[in-house]
**Q** 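The following block contains the structure, expressed as structure tokens.
Below, each value reflects all heavy atoms present in this structure, side chains not excepted, and no hydrogens, waters or symmetry copies.
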Amino acid sequence: MTPNKPETFQQGFVGILIADIIAAKERHRAEDSQPNRRDLIRTVFSAVEGLAWTYREHITSAARDIDAISIEEELALSEMNYQVTDQGKIVGQSRFISMPAMVRLTTRIATKLDPSLEVRFDTAGWDQFRRAITIRNRVTHPKREADLLISSEDVATCLAAYFWLMDIAASAMEAANAALIQYLQRFSEVFEDMKSGDPGTWAEYRSLVRGSDE
């Protein structure tokens with residue numbers, strides 16, 4: 001299969017989201033008003049949602065390729081519950097996973113791909129991320145006028161949350177790419193030995209396959 005031509009930064013999905021943040025920040029810088037603060041927070045969280053989805057899909061795709069994701073993890077990330085009716089039919093129902101839970105599960109899968117990957121959740125960045133979600137929820141689902149009042153600290157917290165997620169996602173996705181390359185190289189070496197008639201190759205191949213199934 002011919003790979004897709006790489007998109008430029010401005011054309012790519014994440015690049016568009018970042019460009020939206022930059023534009024919203026420029027509007028906020030030009031006029032530090034409540035509408036522009038709310039607009040900036042909504043824009044930042046559009047980017048957070050998009051980045052989190054990209055992170056999740058990238059890690060789970062790599063994990064599937066090297067059989068490093070469990071059935072339970074797949075079911076959890078599908079955001080679906082399944083039940084069997086009295087007629088024996090399987091019925092699916094959508095189930096919401098919170099953003100913090102999804103980020104932590106995705107990160108747990110990433111550390112299975114690369115055990116040396118270290119993402120800490122006892123840091124200021126994680127705390128800011130969770131506070132930022134509370135701010136976003138208050139702005140997007142207001143119940144009173146006070147919910148719409150955004151402080152400069154609220155804006156700073158939301159921006160910090162995005163940068164924190166960007167940092168861990170970039171590190172984890174890079175680690176996932178390296179793990180996938182290493183995995184494919186191991187099989188490539190085995191196949192080369194198979195072609196050369198190495199008698200120990202089949203045992204090594206079975207060992208690799210068993211390891212991926214465990």
**Q** As a quick check of understanding, evaluate side chain to side chain contact (heavy atoms under 4.5 Å, CB included) for T111 and V119, giving each step before the final call.
**A** CA-CA 9 Å; T111 57; V119 178; 5.5 Å; no
**Q** For the CD atom on Q83, are there more than 12 heavy atoms of other groups (residues, nucleotides or ligands in this structure) within a distance under 6.0 Å?
**A** no
**Q** How far does CG of L180 sit from CG of D65, to the nearest 0.5 angstrom?
**A** 5.5 Å
**Q** Identify whether I168 and F163 are in the same connected component of the hydrophobic contact network (ILVMFWY, side-chain heavy atoms under 4.5 Å).
**A** yes
**Q** Who passes side-chain hydrogen bond (donor to acceptor under 3.5 Å, both in side chains) against E145, sequence neighbours left out?
**A**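 For E145, no residue satisfies side-chain hydrogen bond (donor to acceptor under 3.5 Å, both in side chains) once neighbours in sequence are set aside.
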**Q** Identify, with sequence neighbours excluded, every residue that meets salt bridge (charged side-chain N to carboxylate O under 4.0 Å, His left out) alongside D20.
**A** none
**Q** Okay, side chain of S61, backbone of H58: is any donor-acceptor separation there less than 3.5 Å?
**A**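 No, the answer is negative, given that no donor and acceptor are paired below the 3.5 Å cut-off.
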**Q** Which heavy-atom pair separates Y55 from A110 by the least distance, and what is that distance?
**A**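 Scanning both residues completely, I find the closest heavy atoms to be OH-CB, 4.4 Å.
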**Q** Do the side chains of I21 and L159 get nearer than 4.5 Å, heavy atoms only?
**A**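 Yes, close enough: below the 4.5 Å cut-off.
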**Q** Do R42 and D39 meet the salt-bridge criterion of a basic N to acidic O distance under 4.0 Å?
**A** no
**Q** May I ask you to decide if the ring planes of F129 and W164 are parallel, tilted or perpendicular, using 30° and 60° as cut-offs?
**A** tilted
**Q** Do side-chain atoms of N137 reach the backbone of T134 as a donor and acceptor pair under 3.5 angstrom?
**A**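 A pair under 3.5 Å: no.
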**Q** Cluster question for you: counting only ILVMFWY and a side-chain heavy-atom cut-off of under 4.5 Å, with indirect links fine, are I133 and I97 together?
**A** yes
**Q** Verify the neighbour count for atom CD of E26: are there more than 12 heavy atoms of other residues, nucleotides or ligands below 6.0 Å?
**A**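 Yes, because the 6.0 Å sphere around CD of E26 holds more than 12 heavy atoms from other groups.
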**Q** Report yes if some heavy atom in the side chain of F121 is under 4.5 Å from a heavy atom in the side chain of T107; otherwise report no.
**A** yes
**Q** Can you tell if the side chain of D147 reaches within under 4.5 Å of the side chain of R144, non-hydrogen atoms only?
**A** yes
**Q** Measure across A24 and L40 and return the closest heavy-atom pair with its distance rounded to 0.1 Å.
**A**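 Result for this residue pair: CB-CD1, 3.7 Å.
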**Q** Less than 4.5 Å apart, any side-chain heavy atom of D154 and any of V139?
**A**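 No, side chains not in contact.
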**Q** Please find the pair of heavy atoms, one from R120 and one from D122, that lie closest to each other, and give the distance.
**A** NH2-OD2, 2.8 Å
**Q** A quick test of your reading: do over 12 heavy atoms of other residues, nucleotides or ligands sit less than 6.0 Å from NZ of K112?
**A**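 Yes, NZ of K112 has more than 12 neighbouring heavy atoms, counting only those of other groups under 6.0 Å.
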**Q** Mind checking the CE-OG1 spacing from M166 to T54? Nearest 0.5 Å is all I need.
**A**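 Output value for this atom pair is 9.0 Å.
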**Q** Tell me whether V84 shares a hydrophobic cluster with L75, the cluster being built from Ile, Leu, Val, Met, Phe, Trp, Tyr side chains joined at under 4.5 Å.
**A** yes
**Q** So, applying side chain to side chain contact (heavy atoms under 4.5 Å, CB included) with R37, which one of L148, V155, L149 is it?
**A** V155
**Q** Under 4.5 Å between side-chain heavy atoms, hopping through other hydrophobics if needed: is there a path connecting W53 to I16?
**A**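 Unlinked, W53 and I16 end up in two clusters.
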**Q** Counting heavy atoms not belonging to R104, are there more than 12 under 6.0 Å from its CZ?
**A**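 Result for CZ/R104: enclosed.
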**Q** What closest approach, in Å, do A172 and I59 show between heavy atoms, and which atom pair accounts for it?
**A** O-CD1, 3.6 Å
**Q** Give me the atom names and distance for the closest heavy-atom approach of L113 to A63.
**A** CD2-CA, 3.8 Å
**Q** Rounded to the nearest 0.5 Å, what's the gap from CG on L77 to CG on L105? Could you check?
**A** 4.5 Å
**Q** List the atom of F45, the atom of C158, and the distance in Å for their closest heavy-atom pair.
**A**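 For F45 versus C158, the nearest heavy atoms are CE1-SG, 3.8 Å.
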**Q** First locate atom CG of L51, then atom CE of M173, and finally report the distance between them rounded to the nearest 0.5 Å.
**A** 6.0 Å
**Q** Please report the interatomic distance OG1(T43) to CD1(I22), rounded to the nearest 0.5 Å.
**A**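 That separation rounds to 12.0 Å.
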**Q** Going by the salt bridge (Lys or Arg N to Asp or Glu O under 4.0 Å) test, which pairs reach into residues 77-91, not counting sequence neighbours?
**A** R56-E79
**Q** What I'd like to find out is whether the side chain of V48 reaches to under 4.5 Å of the side chain of M99, using heavy atoms alone.
**A** yes
**Q** Measuring from S46:OG to I41:CD1, what's the distance to the nearest 0.5 Å?
**A** 13.5 Å
